[in-house]
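Reading through the structure tokens given below for one structure.
All values derive from a computational prediction rather than experimental measurement. Protein chains get the first letters and strands the later ones, always in sequence-line order, with residue 1 at the start of each.
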There are 2 protein chains.
Amino acid sequence: MFIQLDLESAEPIYIQLQHQIIEGIAKKKLQPGDPLPSVRSLAADIGINLHTVNKAYQYLKQEGFILIHRQKGVVINPDGFPKADEAYKKQLKSSLHPLISNAISRGLGEDDFLRICSDIFNKFKVEGENG
Amino acid sequence: MFIQLDLESAEPIYIQLQHQIIEGIAKKKLQPGDPLPSVRSLAADIGINLHTVNKAYQYLKQEGFILIHRQKGVVINPDGFPKADEAYKKQLKSSLHPLISNAISRGLGEDDFLRICSDIFNKFKVEGENG
DNA sequence: CTAACTGTTATAATATATATATAACAGTTA
DNA sequence: TAACTGTTATATATATATTATAACAGTTAG
């Protein structure tokens, strides 16, 4: 797997795991139907406990990014991904709000902020083409 | 004060406090030189412990948003605010990255994402005019 | 059938983060 | 002197994060 964790980070491991897998989906390294490692093998692979992996999987399952079949194991949701509904947008705004407060306070203008966002979007586009 | 806390939120109180004060700066409700309540009075005002307030103040002091004079008390930094330097931009990108991964995975396009950011920026502009 | 795997659940232990309570210290101010 | 300031220290309670083991029910490969 392509999972890269920072065990020194203040960000909990299971959160980092969620991010990495969603990032894999965004970059199309992980496509609908693709299998994911079992909780035990992924845990052993990256040197953490299986419960930490399971915690990340449970969130991704609840959000609809992955499916967990008792027999077939864990797969990227073959029926597509959760939609950007109003509940999601509301939560996104809540996350963006303090970031934008901070940016404004530091004198970072709207244009600069949007440019930074665009740059990140573009990075996903080019990386998504290669794989 | 205009501080509004959500004690039910998973977000730690001292983080919410940081956000609220930075938001006050962004909205120009708090301007350079303006005094802030003492740790004890603010804590009593919003019904929390003085150490929780102090934790938020210490962060804001370290970042340069406020000054703490042993005698003059706490004031919004009269000499301006921290700059949007490269270290800050790097940290901002780290915060935005997982948000954008998630957005892309859910099919929220760049235009929609940027529009949401713009809307938030505009809210600060109009609120900043009134006070 | 057995052995090895699957996700799931349970229990326990440990470490860290968060929040509160209380107290004291050194300094300033009314 | 009394009341305030930020700061520091100690203790406690709670929640979260992480690991360690173990077991269960089901599936699958040999």
Does C:dA19 have OP1 or OP2 sitting under 4.0 Å from an N or O in the side chain of B:K55?
no
For D:dT16, the nucleotide meeting Watson-Crick or G-U wobble distances (both under 3.5 Å) is C:dA15
If you take atom types as modelled and just measure distance, does the side chain of A:H69 reach the base of D:dT27 with a donor-acceptor pair under 3.5 Å? no
(Q) Any base atoms under 4.0 Å from A:Y14, or only sugar-phosphate, or nothing? Heavy atoms, all strands. (A) sugar-phosphate
Checking N1-N3 plus N6-O4 or O6-N4 for Watson-Crick, or N1-O2 and O6-N3 for wobble, each under 3.5 Å, the partner of C:dA30 is D:dT1
Separation of C:dT6 atom C1' from A:L67 atom CG, nearest Å, is 16 Å
Whole-Å distance, A:L50 CG to D:dT19 P, equals 10 Å
note: B:Q16, atom CD; C:dA17, atom P; distance rounded to Å ~ 19 Å
Applying the 3.5 Å cut-off to both distances, the Watson-Crick or G-U partner of C:dA3 turns out to be D:dT28
| Within less than 4.0 Å of OP1 or OP2 of D:dT19, is there a side-chain N or O belonging to A:T52? | yes
Margin query: Is it the case that the side chain of A:Q16 and the backbone of A:E11 share a donor-acceptor pair, with hydrogens and angles ignored and the cut-off at 3.5 Å?
Written below: yes
Taken to the nearest whole Å, CD1/B:I68 to P/D:dT8 is 10 Å
From CG of B:D6 across to P of C:dA19 the rounded distance in Å is 12 Å
- Donor-acceptor pair under 3.5 Å, A:R40 side chain vs C:dT8 base: yes
| field | Test item: A:N77 side-chain N/O and A:L67 main-chain N/O as donor-acceptor pair under 3.5 Å | value | no
Point to revise | Under 3.5 Å: donor-acceptor pair, side chain of B:S101, backbone of B:H97 | key: yes
- Query: Looking across every strand, which nucleic acid part, if any, lies under 4.0 Å from B:E11 by heavy atom: base, sugar-phosphate, or nothing?
  - Reply: nothing
The nucleotide from D:dT7, C:dT18, D:dA17 with an atom nearest the side chain of A:P12 is D:dA17
Between CG of B:L7 and C1' of C:dA19 the distance, given in whole Å, is 11 Å
| request: Step through the shown structure and confirm whether more than 12 heavy atoms of other residues, nucleotides or ligands are within 6.0 Å of CD on B:Q31. | output: yes
What one should report as the nearest heavy-atom pair of B:S105 and A:F81 is O-CB, 3.4 Å
query: Checking only heavy atoms, does the side chain of B:H51 share a donor-acceptor pair with the base of C:dT18 at less than 3.5 Å?
result: no
Exercise for review: Would you tell me if any nitrogen or oxygen in the side chain of B:Q58 comes within less than 4.0 Å of OP1 or OP2 on D:dT7?
Suggested key: yes
Between CG of B:L17 and P of C:dT18 the distance, given in whole Å, is 14 Å
Within 45° cone of B:Y88 ring axis and under 6.0 Å: B:K83 NZ or CZ: no
Of the listed C:dT20, C:dG7, D:dT19, the closest approach to the B:N49 side chain comes from C:dT20
note: A:Y59, atom OH; C:dT8, atom C1'; distance rounded to Å ~ 21 Å
Tell me whether the side-chain N/O atoms of A:N54 come closer than 4.0 Å to OP1 or OP2 in C:dG7. no
